[in-house]
Structure formats: structure tokens, C-alpha cells
There are 2 protein chains.
Amino acid sequence: MLRLSKQADYGIVLLSYFLEPDSAPGTGNGMPRSARDLAQLAELPAPMVSKILKHLTRAGILTSQRGSHGGYHLARPATEISLASIVTALEGEIAVTECSPLLTDRTCSHESHCPVRTPLQRLDSIVRRALDGVSLAELVEPTTHRNAS
Amino acid sequence: MLRLSKQADYGIVLLSYFLEPDSAPGTGNGMPRSARDLAQLAELPAPMVSKILKHLTRAGILTSQRGSHGGYHLARPATEISLASIVTALEGEIAVTECSPLLTDRTCSHESHCPVRTPLQRLDSIVRRALDGVSLAELVEPTTHRNAS
DNA sequence: CCGATACTGGACTCGAGCGGTCCTATATTA
DNA sequence: TAATATAGGACCGCTCGAGTCCAGTATCGG
């Protein structure tokens, strides 16, 4: 099924809340969003949300602010956050096939004589480029996308 | 990581052997390839190979011939076998996100008010189209591919 | 200075799904 | 009729992802 992990799925949903000017009543505009608030907004389990936000922060997609009235911010404009970077942050390198050169722990014993190794690697880059070409902003605002159906 | 399942991975490798004119000594040109022979060629566990070939046959990608000197054939030219059909045959509908309209068992409770539902579905079609645009022949013969890196 | 808030980092459990095996039935051919 | 090969399942162990939880640290308000 080539499914995205739930973490990545949730991550995209959570990041989308940073684009809306103001959703939660009582929170200001430029205020950082706390993990708890986001969990309520998205109706997702709080520990899970927390874990995801941590990962996104470590990947440089979000910035964090500790202490009371702390929370998270987008580290850069949504137009500059690629879908690929989100997925990579939450589930590691995008490697559709086992023998991707990006994987360090690959243990394919057929590496030398596999008839489809390089072709499979090309498949890798096809998918990766597809995800690289879509920004968070484009994903959330359907009006700004090129590559219309 | 958006990884392909091993079945799909193996399946692509196995199908690639149907393109080569003649690999195994002793087998003729148009002879069907048996599961056992393919397992030896690809150095993969025989029961696994058998299972995969069965799935590919049921999906109409291969045709089978029972009895002695039986085996499998490509059901149509490799140029007309899309990567998407192979993946679909071996791991079900290509649905990157949970809320794909292709999934019957989706149980997303946020369906009505999810802010990124339709955008995520667009992501689905991006990946699906990427896999649809690559044929088995293109994957194995690097010379015939457009979209060069 | 103290306590409340919120992120940080990691360990931990549990269950589903995948990889892999095996067995019985059926078709084909020599 | 015996050998070969696919058809269609059931079956199992184990990994990995989903989700939880806790101890630690930074920040702010009073």
C-alpha cells in the first residue's frame, strides 16, 4: 500500500494548524502553539502530538519555546517547507526500495548482480522528487498549486 | 521511510527475469519459467517466490501453465505493465494516506473537519501517477526512459 | 526564590502486519 | 500412473510502529 506512517500523517495535519491565522479562541495571532492545545485542536492523543512536535523541532521545521506560554513555531515560511522534509523528519530517509544508497544498514546480498538495482534506485528518486516538489503551503492551500490534475 | 514491501520488491526483481531473452542454461527462449527456476536465479526462498508469482498471476500480470514443463509467462508486453499495477497486485491499493477514497476500511473520525483531507488525497494521486508512468520495461532498460536525471 | 508550565530525551509495552513456511488439492504431460 | 507445477489456503514468529510514561531542564510569573 506504500502507506505513510501515522506519525507523518499526523505531522502534516499538525503543521497545517500553524498556517491558519487564528483557530483557537483565546490564543493570539503570533503566539506559539503548545503541544496540548494542538492535541485538542486536532483531536489526537497528547503524548503522540508531543512526540511528533519534538521530532519536527529536531529536524529544524519547528522552533520551540520552553516555559510557561511556550510552544512551537514554524521555523520558516510554509512555502519553504517541503513535504519531503516533513516525511524525512518523521520516518527517516525516503527510501522506497531496500537498496537505496541512502540507507546505511542495507544488507542486500545480491547487490553486485541484482538486475534491477539501479532502476529501483531511479524509482526512489522519482518518488522523492514528487514529495520534494510539494510545499506545506501548497498542500494546505489548494489554490496555489501548479501541476493541476 | 515510505518503504515498498519485500513482496513488491521481490516481485519487480522476479519480473525482470522475464525480459531477458535467455538466462538459465537449458531453458529455451519462449519456455515458461517455473517458480523453482526463478527462485534459483534470483536467489530467493522458493515458497516466497511461489507466493509472489501466484499473486501476480491472479492480478493478470502473468499467465500460468500447470503440469510438467509448466510455469509462468508475461501476460502482456513489458511496456504495458506499469509499476503501479505490480505494486497494487502485491500490496493492495496504493494509498499513501489513511483517508484515501480507495480504502474501504478507513475509519478516520476526523473525516468531516480534517483541514488537510483533500490535499492529502492529492498527494495520493501524485505518488500513484508517478508509479503509473513507469513501465516494467522502462525500469529494467535504462536506455528507454524519458525523464532522465 | 518557588512553583507552575512546557519542552527534551529516552525507555517501555502492546498489537498488527509482514515475511516466510507448509500442506492439500488440482491440472498437465510423458 | 507417476511426476511435475501451479492454486489456494492456513499458519506462525518476529519485527516495527503506535502509543504511553517518566525523569530532567528551561522559562516565566508572582
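As the structure is a computational prediction, the values presented were derived from the model and not from experiment. So you know, we letter chains A, B, ... as the sequences are listed, proteins then strands, and number each from 1.
- Between A:R66 and C:dT5 there is no side-chain N or O to OP1 or OP2 distance below 4.0 Å.
- Side-chain contact between B:L90 and B:I86: present, with at least one pair of heavy atoms (C-beta onward) separated by less than 4.5 Å.
- Put simply, B:Y72 has no side-chain N or O that comes within less than 4.0 Å of OP1 or OP2 on D:dA5.
- Panel note: side chain B:E91, backbone A:L2; a donor-acceptor pair is recorded below 3.5 Å.
- B:S50 places no side-chain N or O within 3.5 Å of a backbone atom of B:A46 that could act as its donor or acceptor partner.
- Residue B:L90 contributes atom CG, which lies 10 Å from atom P of C:dG19 at whole-angstrom precision.
- Closest contact between the side chain of B:Y10 and the listed nucleotides C:dA6, D:dG9, C:dG20 involves C:dG20.
- Residue B:D37 contributes atom CG, which lies 13 Å from atom P of D:dT4 at whole-angstrom precision.
- Atom-to-atom, NE2 of A:H55 to P of D:dG19 comes out at 14 Å; the value is rounded to the nearest Å.
- Among the nucleotides D:dA18, C:dT21, C:dG10, the one closest to the side chain of B:P47 is C:dT21.
- Counting non-hydrogen atoms of neighbouring residues, nucleotides and ligands closer than 6.0 angstrom, the CZ atom of A:R76 exceeds 12 such neighbours.
- Taking the nucleotide of DNA chain C with the nearest heavy atom to each of B:S5 and B:G67, the more 5' of the two is matched to B:S5.
- Distance alone, capped at 3.5 Å, is enough to place a donor-acceptor pair between the B:D124 side chain and the B:V96 backbone.
- Following rounding to the nearest Å, A:K54 (NZ) and D:dC21 (P) show an atom-to-atom distance of 13 Å.
- Considering only the side chain of A:T57, C:dT8 comes nearest among D:dT20, D:dG8, C:dT8.
- Phosphate contact (OP1/OP2 of D:dA7, side-chain N/O of B:S64, threshold under 4.0 Å): present.
- With the nearest nucleotide of DNA chain D identified for both A:Q65 and A:K6, A:K6 has the one nearer the 5' end.
- The distance from atom NZ of A:K51 to atom P of D:dC21 is 13 Å, rounded to the nearest whole Å.
- Atom P of nucleotide C:dG9 and atom CZ of A:R58 are separated by 5 Å, given to the nearest angstrom.
- Between A:H73 atom NE2 and C:dC7 atom P there is a gap of 12 Å when expressed in whole angstrom units.
- Side-chain proximity of A:S50 to the nucleotides D:dT4, C:dT8, C:dT21 is greatest for C:dT8.
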